Each structure stands twice: as C-alpha cells, then as structure tokens.
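One structure is given here, and the rest of the page talks about it.
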Amino acid sequence: MYNDAIAPPLPMTLRPATTERRWVRWALIGVAVLFLLIFLLMPLVIVFFEAFSRGAGYFLESITEKDALAAIRLTLIVAAISVPANLVFGVAAAWAIAKFEFKGKSFLITLIDLPFSVSPVTSGLIYVLIFGAQGWLGPTLQEHGIQIIFAVPGIVLATIFVTFPFVARELIPIMQEQGTRDEEAALSLGASGWRTFFRVTLPNIKWALLYGVLLCNARAMGEFGAVSVVSGKIRGQTNTMPLHVEILYNEYLGVAAFAVASLLALLAMITLAAKTGLEWRYADEIAAQRKH
Amino acid sequence: MASGTTWTFRKPSIIPGFGLAFGFTLTYLSLIVLIPLAALVLMTASLGWPEFWRIASDPRTLAALRLSFGASLAAAGINAVFGLIVAWVLVRYDFPGRRLLDAFVDLPFALPTAVAGIALTALYAPNGWIGSLLAPLGIKVAYTPAGIVIALIFIGLPFVVRTLQPVMEEIDREVEEAAATLGASRFLTFRRIILPTLLPPLLTGFALALARAVGEYGSVIFIAGNIPFVSEIAPLLIVVRLTEFNYPAATAVATLMLLISFALLLAINLIQAWSRRRFGNV
C-alpha cells in the first residue's frame with residue numbers, strides 16, 4: 001500500500017487522457033446548464049413570479065379563499081389516507097418478497113410496478129367503470145346511498161392506485177440486500193415476530209422507508225389526471241389542490257391559479273430538498289439502484 | 001413435512017409472518033390494481049371485435065394516437081440527446097453548483113403535472129418569457145403540437161438522466177486510458193469504447209421516457225390547445241369520451257393505450273435482458 005504522504009493522488013488536470021479538451025468540457029457544461037435552466041428552472045421560477053404578480057395581498061387572498069382552503073383540506077385528507085395505506089402495503093409486500101423464497105416472486109414484483117405503466121387517466125377510468133352510475137356496482141351502490149365516484153372515496157382510491165408502488169419499490173431492494181440474518185438472530189434469542197420487526201427490521205430500513213413515503217406523498221398531493229376523472233370537480237367538496245388550480249386557470253383567474261400552484265411547487269421543493277438530504281447522508285441505507 | 005422432491009410453493013424459513021404479509025399483499029394488490037384493470041379489459045372484450053375495431057380505427061382515435069406517439073417519440077429523442085449530455089456533465093465534470101443541479105434533475109418527479117402545465121403555458125404563450133422571443137421568428141409553441149413536445153420533454157428528462165448516471169459512474173476508466181495509449185483520439189474513444197456501454201441504459205431511459213410521455217395528461221392539456229385532429233392527445237380523448245358518457249369508446253381507447261404501454265414495458269425488459277447478456281450487469 002502506498003502512503004498518502006509519499007504518493008499523493010495526481011490531480012485530474014495531469015491526466016488529460018481520460019477527459020475531454022478544456023473547451024469541449026466547458027461547452028458541454030454550458031449546454032447542460034442552459035438546457036436545465038430553460039426546461040426545469042424557468043417553469044419553477046415563473047410559478048412564483050406569476051403568483052406574486054399582483055402583490056402579496058392578492059396572493060394571500062387567493063390561498064385563503066373558501067374554496068381554496070377546502071381544496072387544501074381535501075388534498076391533506078386524501079394524502080393522509082392513501083400514504084399510510086400504501087405504507088402498510090409496501091412494508092407487507094417487501095417483508096413477503098425480501099425475507100422469503102417463493103415461486104412467482106419476480107412476477108409479483110412486476111404486478112406491483114404495474115400502476116406506473118398505466119396512464120393516469122386510465123387509472124381514474126377503471127374506478128368509474130366499477131363504481132360509476134353506469135358501472136358494475138353502480139346500481140347496487142345507489143340503492144344503498146353510497147357514492148364513490150364524484151366523491152372523496154373515489155379520489156382516495158385513484159390516488160392509492162397511482163402511488164401504489166412507491167414505498168414497496170424502495171423497500172424491496174434494500175430488504176433483499178440486508179437478507180434475513182439479523183432477524184434470525186433476534187428470533188433465536190427468543191424475540192417474537194412483531195418485536196423482531198419493530199426492533200430489528202424497522203431500524204434497518206427507516207431511511208429507505210422515509211424516502212419512499214416522501215415520494216409517495218408528493219405524488220399523492222399532486223396527482224391530477226386520475227383524480228380529475230373521478231372527482232366531478234365540485235367546488236368546495238371534491239376539488240383537490242391540482243384540480244382547483246385547473247378550475248381557476250380555466251376561469252381566467254391566472255394569478256389565483258398560480259398562487260395555489262405555488263403552494264404545490266413549494267411542496268415539490270421541500271420534497272426535493274428532503275430527498276436530496278436523505279440521499280447525501282444515508283446513501284448506503286437507501287437502495288442504490290433507483291428507477292422511478 | 002414436505003420432502004425435497006415434492007413441489008413446494010415456498011422454501012421453509014424460521015421467519016414468521018409470511019402468511020399474513022403475503023396474504024395482505026395479494027388481497028390489496030387484487031382489490032386496488034388487478035380487479036379494476038381486469039374490469040377494463042373485460043368491459044372492452046364485451047364490446048366485441050367489430051365494435052372495438054370501429055372505435056380503434058375511428059379517424060379521431062387514430063389522429064390522437066398518432067399525435068401522442070409522434071410527440072412522445074420526439075420528446076424522448078430530444079431527451080436522449082440532452083439527457084446524455086446532462087448525465088455526462090454531472091458524472092464526469094466538477095463545477096460550482098454541480099450537486100445542486102444534480103438534485104434539481106428530479107424536479108419533474110416532484111412537481112405536480114398541473115403546475116408544470118400552467119407554468120410551461122405561461123412561458124411559451126405568445127406574450128410569455130420564451131414565447132415572446134419566438135413570436136417574431138414566426139414560431140408558435142403554446143397551443144400547438146410543439147407545445148406538447150415541450151411538456152413531454154419536461155416530464156421525461158429525469159428518466160434518461162437517472163438511468164444513465166449509475167452506469168456512467170461504473171465505467172472502468174482504465175479501458176479509456178488503454179484506448180488513449182493505443183493512440184485513439186478522445187472522440188474515437190468515446191464513440192467506440194464509451195458509447196457502446198451507454199447504449200443499453202440510453203435505450204432503457206428512452207423507452208421509460210416514451211412510456212411515461214404516451215400516458216401523460218396533466219402537463220400537456222394546458223399547453224396543447226386540445227383541438228381534435230390537431231392537438232388532442234389520446235389520454236384527453238378518453239376524458240372527452242367519458243364526459244360524453246360514451247363509456248365504450250373511453251374503454252376501448254384506454255385498453256389500446258394499456259396494450260401499447262405493456263408493449264413498451266416488454267421492450268424495456270428485453271433491452272435490459274440483452275444488456276445483461278452482453279455486459280453482465282445493470
């Protein structure tokens with residue numbers, strides 16, 4: 001082994017063989033930065049620019065108006081139901097898939113990923129076909145006075161569908177990598193199954209779990225297509241924040257639309273910051289191979 | 001106990017909870033995903049082949065599918081080129097703000113599609129920041145198919161960059177050094193040594209971006225203009241048919257799109273299997 005004091009690592013500038021000429025490097029950096037500025041940064045900036053284009057007073061008025069508050073409340077309720085539901089599912093699915101060997105495992109993983117390859121509009125449509133007035137269960141539900149489509153349950157269902165794989169796909173690879181040795185040790189020392197899960201497994205996966213919940217929540221609060229199909233967009237009742245943005249925008253209340261949109265953009269930025277923080281600090285404890 | 005020769009569904013294990021976890025997983029998966037999707041397929045099957053064919057070959061359906069595919073292909077192609085440059089710059093070079101820029105690439109995953117939609121429309125409208133620069137040149141973006149491509153570029157970029165990055169990080173620099181010592185120019189090394197390694201993830205990223213773009217709705221409908229036969233994408237056509245209470249047509253178009261995304265999914269898996277055979281990893 002070389003001692004660092006004797007043989008310091010050569011700086012990159014002395015090894016031009018595996019990098020490009022200086023001007024090529026700077027040209028490529030310029031193209032990449034310009035592309036990201038135009039296609040990613042400018043859309044984000046204009047949201048806040050437009051939101052405050054009539055001053056802070058109008059902004060506050062737009063986001064505290066009755067229908068806007070109802071939309072915010074509904075969005076929070078929907079996320080508060082669908083995220084925990086998919087969290088429990090994700091943990092159960094990862095436990096079954098990562099800690100046991102059984103036939104058809106990879107097929108099961110494919111099925112869990114399925115909602116990602118379905119168009120958001122289709123994700124809403126399938127529930128209309130089942131629970132809608134003309135749907136399979138529509139007449140039966142109507143008899144009992146239960147409404148799912150054009151009501152909150154439909155919105156929750158559609159949101160659960162589109163955020164279905166988020167937690168599971170973060171947990172499965174990392175739990176597979178961790179194997180079963182820790183759990184076997186705990187069990188052989190006499191811990192019960194639940195105690196093993198809460199005291200051994202959960203601490204091992206907590207950052208990956210948080211990571212999955214973060215992404216799941218961002219999508220749950222921001223989902224538009226699936227929710228717009230099942231919601232009916234009744235102001236103050238079945239309007240989530242993204243749907244409220246659309247309604248305001250189509251009524252030519254652009255600034256108010258951007259005010260509500262800026263709250264969602266803020267949520268996106270907080271999500272990105274938290275996600276990046278987790279990635280920087282706990283890179284090893286979050287599954288390395290991520291594909292969205 | 002089961003002997004080694006009998007067929008067993010699962011290997012024995014001392015870890016408890018398989019029944020509960022597996023049972024819950026299967027029940028939840030069936031109720032939320034499998035049964036509703038099966039309902040869609042069954043509903044389409046009950047239309048009968050002639051009726052399905054009539055809807056599928058309707059000029060408006062075909063125009064919407066052609067537009068969705070054309071715009072998605074264009075956007076995925078542009079993302080493949082610029083995504084390659086962005087990923088390369090982020091992995092290989094060091095410059096101020098690199099880590100921040102890297103984190104920023106995920107914005108389209110985090111930003112709700114409706115927000116992206118109205119933001120892009122405001123930028124590219126004839127009086128917007130970018131639209132007003134393009135207007136004197138006679139280029140109209142918002143409310144035309146070009147606007148759709150812009151929205152789909154936004155949505156698809158992270159798929160290409162995030163698929164390329166891990167593979168780029170694992171490239172063995174010694175091979176590049178070897179190529180250089182044998183007299184290859186940097187461009188030749190890139191074209192003959194580096195690019196072939198990056199081809200499978202580039203194709204995968206392209207296909208992922210394409211699959212996402214074909215089904216995309218929220219970010220597109222604001223900027224598209226939504227004129228039938230001109231700027232009406234396939235997901236929007238489903239919504240239009242639904243609001244007309246024309247369930248058979250909505251169902252048929254949705255099933256068509258589902259088949260298309262399964263074909264894309266299959267293509268992605270084939271690319272990955274091929275690259276595993278060829279390169280042994282990723």
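Being a predicted model, the structure only gives us computed values, none of them experimental. Just so it is clear: chains get the letters A, B, ... in the order the sequence lines come, proteins before strands, and each one is counted from 1.
Interface residue A:A85: backbone and side-chain heavy atoms are both found under 4.5 Å from chain B. Using a 4.5 Å cut-off between heavy atoms, B:I32 touches chain A through backbone and side chain atoms alike. In this structure, the portions of A:F39 lying under 4.5 Å from any heavy atom of chain B include both its backbone and its side chain. Both the backbone and the side chain of A:L41 come within less than 4.5 Å of a heavy atom in chain B. At a 4.5 Å heavy-atom cutoff, the contact between A:F89 and chain B is made by backbone and side-chain atoms alike. Of the atoms belonging to A:E183, it is side-chain heavy atoms, and not backbone ones, that fall under 4.5 Å from chain B. For A:S228, the part sitting under 4.5 Å from any heavy atom of chain B is the side chain, from C-beta outward, and nothing else.
Rounding to the nearest 0.5 Å gives a distance of 11.5 Å between CG of A:L111 and OG1 of B:T25.
With contacts defined as side-chain heavy-atom distances shorter than 4.5 Å, the pair B:Y217/A:V229 does not qualify. When side chains are defined from C-beta on, B:L208 does not count as touching A:F116, because their heavy atoms never get closer than 4.5 Å. The closest side-chain heavy-atom distance from A:V88 to B:Y28 is not below 4.5 Å.
The backbone N or O of A:S117 sits less than 3.5 Å from a side-chain atom of B:S261, completing a donor-acceptor pair. Panel note: side chain B:Y247, backbone A:V128; no donor-acceptor pair is recorded below 3.5 Å.
Contact count versus chain B (heavy atoms, under 4.5 Å) is highest, among A:F131, A:W280, A:W136, for A:W280.
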